[in-house]
Trainee: 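Attaching a single structure in C-alpha cells format; questions to follow.
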2 protein chains.
Amino acid sequence: MRRTDRLFELIQILRDGRLHKGADMAERLGVSLRTIYRDMDTLIASGLPVEGERGLGYMMTAPITLPPLNLSLTELEALHLGLAVVSKAADDELKAAAQTLSQKVDAVLPEDRAAPASGWGFAVYPFAEAARGFVHMAPLRAAIRSRRKVEIAYAALDGEETKRTIRPLQMEYWGRVWTLTSWCELRQDFRVFRVDRIKTLDVTFDNFEEEPGKTLADYLDRADAE
Amino acid sequence: MRRTDRLFELIQILRDGRLHKGADMAERLGVSLRTIYRDMDTLIASGLPVEGERGLGYMMTAPITLPPLNLSLTELEALHLGLAVVSKAADDELKAAAQTLSQKVDAVLPEDRAAPASGWGFAVYPFAEAARGFVHMAPLRAAIRSRRKVEIAYAALDGEETKRTIRPLQMEYWGRVWTLTSWCELRQDFRVFRVDRIKTLDVTFDNFEEEPGKTLADYLDRADAE
DNA sequence: CCCCAACTGACATAAACCTGTCAGTTGCGT
DNA sequence: ACGCAACTGACAGGTTTATGTCAGTTGGGG
C-alpha cells in the first residue's frame, strides 16, 4: 500500500471519534508501529485534529473536516454575510460558532483576499423580537436533531397560556421573528409557534419516529396544496 | 528544488488568475516542460481549479482556496443557517453563490454528517420589502469593494425624489430591510438610505479615497458617541 | 512501583518516485 | 494549411523517501 493511501485509511479509521491504539492500526494496515508513529506525525503536522496520549491511544478531536474548497469571490462574500447574520440573529451557541468559523476562514485566506480593514461591507442588526426567542433555540435545535418531544408553555396572541407536548420539526427565520413548525400532540395537528412567545420549554426523553401524516414533508405538502 | 516546493510555487504563480505558458513556468522553475506537465496533472488531480488549453496555456479559474478546515457540529449548523439566510435574503448573485457554496459543502461532508433527508432544521423567509432592494445590491457590493462613487435617485418617505452622488460605505441587514450607509456629497454628511427606496443607481468611474471625517469608522465613532 | 502506550533517534536496506529525453497526438485560432 | 502550446507514453538513470529494527524516554493512572 502506498503511503498516501495509508494516510487516507488512517483518517477514515480515526473519523469515528473513538480511541485507537497505534499497535492496532499498525496491524490493520500491515506496517510497523514505528511507521504508524511517522504517519501520525505527518497527519498532525498537516492539521488533522488528532491527539495522542501515552498509555491511552489516539483520538480525533474535531469530527468534521472540510477538505480544500475553491471559492469564487461572491461565494466568499456570501459566506461572510451568512456568518455575520448568524453572529447576530441566533442563540449564543450559534453566535459563538459563527464567530469562530468566521475567524477560522479569515485566518487562512491569502492576504489579498482577507477582510479589508473596513470590513466586508456588511453589518447585521437583529430585531429585538427575534432576539427574545434565542433562549430556546439551542435546546430546540438539539431536540430537532435528536427527534425528542418537547413540553412547552405557550402564550398565544390573546394572552392565554397553554401547556402542550410537541414534536419540533423545523425552525423558520423571517428576519423579524423565529418560528417553530411542530406536530402538536394536544391539538393533533401541525402548529407554528413564535419562538419568542414560548414561556417555558423542556426537552423530554421521549423520542419520536417519522409517522405518516405528521412529518415536516407532510406539513410542507399541505402548505403547497393551500 | 523539491517537488512539493515547486508545486507550491506553481500555485503562487497561477494565483494571479492570468494565462501562463508551461514553457515559461518550466524556465522560471528550472525544470523541463515535461515535468511541468506532470506537476499540473498532480495539481489538477488534487482539485486546484486550473484549466489548460492547447495553443494558449494555463489559467486558474477560481482564485480562492480554503485549506482543510476542522469544524464542530455547531459551526457546521451556523454555516448552513448562514448560507440559508443568504440564499433567501440577498440579491440573485449572492443567492446563487450561497446555494453553490452550500452544495459544495454538502458534497464533501462524510455521509454521517451530510444533511438529513428532512434538512438542517432551518428555513428562511425574506421580507418582501428587503427583496425590493435586491436589484441594487450587486452593483452596490462592487462599488463598496472598489470604492467608486455612485449616483442615485432616491425616494424619501414623503415621496420627494432627489438625485445625488454618494460614497457607499456599508450595507446593513435588519431582517426587514437592507440599508446603505454612505457619505452623501449633496449634503456633505453621512446618510443612511433604504436600499429598496433607491429608484435608480449608477456606479461611476469616480474613485474615492479614505478622507478623514468621511469614513465608515468616522460614522461608527459618531454613532457610538450618540 | 508497575503497567500502558505514546514518543524518539539512529541505522541499514529496500522501495518508490522524479526527471529529462524523445517522438508523437490533439484542438483551436488565424 | 500552419502555428501554437497543451497533452501523452515510453525509457533509462538518478534521487529521495519509506520501512523495519532496536533501544531508549516519557507521562498518566492504578
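Chain A is the first sequence line, chain B the second, and so forth, proteins listed ahead of strands; every chain is numbered from 1. As the structure is a computational prediction, the values presented were derived from the model and not from experiment.
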Trainee: C/dA5, D/dT19, D/dT8: which one has an atom nearest the side-chain heavy atoms of A/Lys21?
Mentor: C/dA5

Trainee: Round to a whole Å and report the spacing from CG of A/Leu29 to C1' of D/dA18.
Mentor: 15 Å

Trainee: Mapping B/Arg54 and A/Arg54 onto DNA chain C by nearest heavy atom, which one lands closer to the 5' end?
Mentor: A/Arg54

Trainee: For the backbone of B/Lys149 and the side chain of B/Thr204, can you confirm whether one donor and one acceptor N or O come within less than 3.5 Å of each other?
Mentor: yes

Trainee: Establish, with yes or no, whether the OP1 or OP2 oxygen of C/dA6 is under 4.0 angstrom from a side-chain nitrogen or oxygen of A/Tyr37.
Mentor: yes

Trainee: Looking at D/dG20, I'd like to know if its phosphate oxygens (OP1 or OP2) sit under 4.0 Å from a side-chain N or O belonging to A/Thr35.
Mentor: yes

Trainee: Round to the nearest Å and state the distance from A/Ile36 atom CD1 to D/dT19 atom C1'.
Mentor: 12 Å

Trainee: Given atom CZ of A/Arg38 and atom P of D/dA18, what is their separation to the nearest angstrom?
Mentor: 9 Å

Trainee: Where the side chain of B/Arg6 is defined as all heavy atoms beyond and including C-beta, which of C/dG20, D/dA6, C/dC18 is the nearest nucleotide?
Mentor: C/dC18

Trainee: Select from A/Gly55 and A/Gly30 the residue whose nearest nucleotide in DNA chain D is closer to the 5' end of that strand.
Mentor: A/Gly30

Trainee: Test side-chain contact (heavy atoms from CB on, under 4.5 Å) on B/Ile166 and B/Ile152; report intermediate values, then the result.
Mentor: CA-CA 8 Å; B/Ile166 59 172; B/Ile152 61 170; 4.0 Å; yes

Trainee: Please give, in whole Å, the distance from C/dC4 C1' to A/His20 NE2?
Mentor: 18 Å

Trainee: To the nearest Å, how far apart are A/Glu51 CD and C/dC7 C1'?
Mentor: 15 Å

Trainee: Calculate the interatomic distance between A/Asp5 atom CG and C/dA16 atom P; express it in whole Å.
Mentor: 12 Å

Trainee: With the threshold set at 4.0 Å, does a side-chain nitrogen-carboxylate oxygen contact exist between A/Arg141 and B/Glu77?
Mentor: yes

Trainee: To the nearest Å, how far apart are A/Asp39 CG and C/dC7 C1'?
Mentor: 14 Å

Trainee: Roughly, in whole Å, what's the span from CE in A/Met40 to P in C/dA5?
Mentor: 16 Å

Trainee: If you find the nucleotide of DNA chain C closest to A/Ile44 and the one closest to A/Arg2, which residue's nucleotide is nearer the 5' end?
Mentor: A/Ile44

Trainee: Which of the following nucleotides, C/dG9, D/dT8, D/dG20, is nearest to the side chain of A/Arg34?
Mentor: C/dG9

Trainee: Is it possible for you to check whether B/Arg148 lies under 6.0 Å from the centre of the six-membered ring of B/Phe205, through NZ or CZ, and within 45° of that ring's axis?
Mentor: yes

Trainee: Angle between ring planes, B/Tyr37 versus B/Tyr58, binned at 30° and 60°: parallel, tilted or perpendicular?
Mentor: tilted

Trainee: For the side chain of B/Arg3, starting at C-beta, report the closest nucleotide among C/dC7, C/dT19, D/dT8.
Mentor: C/dT19

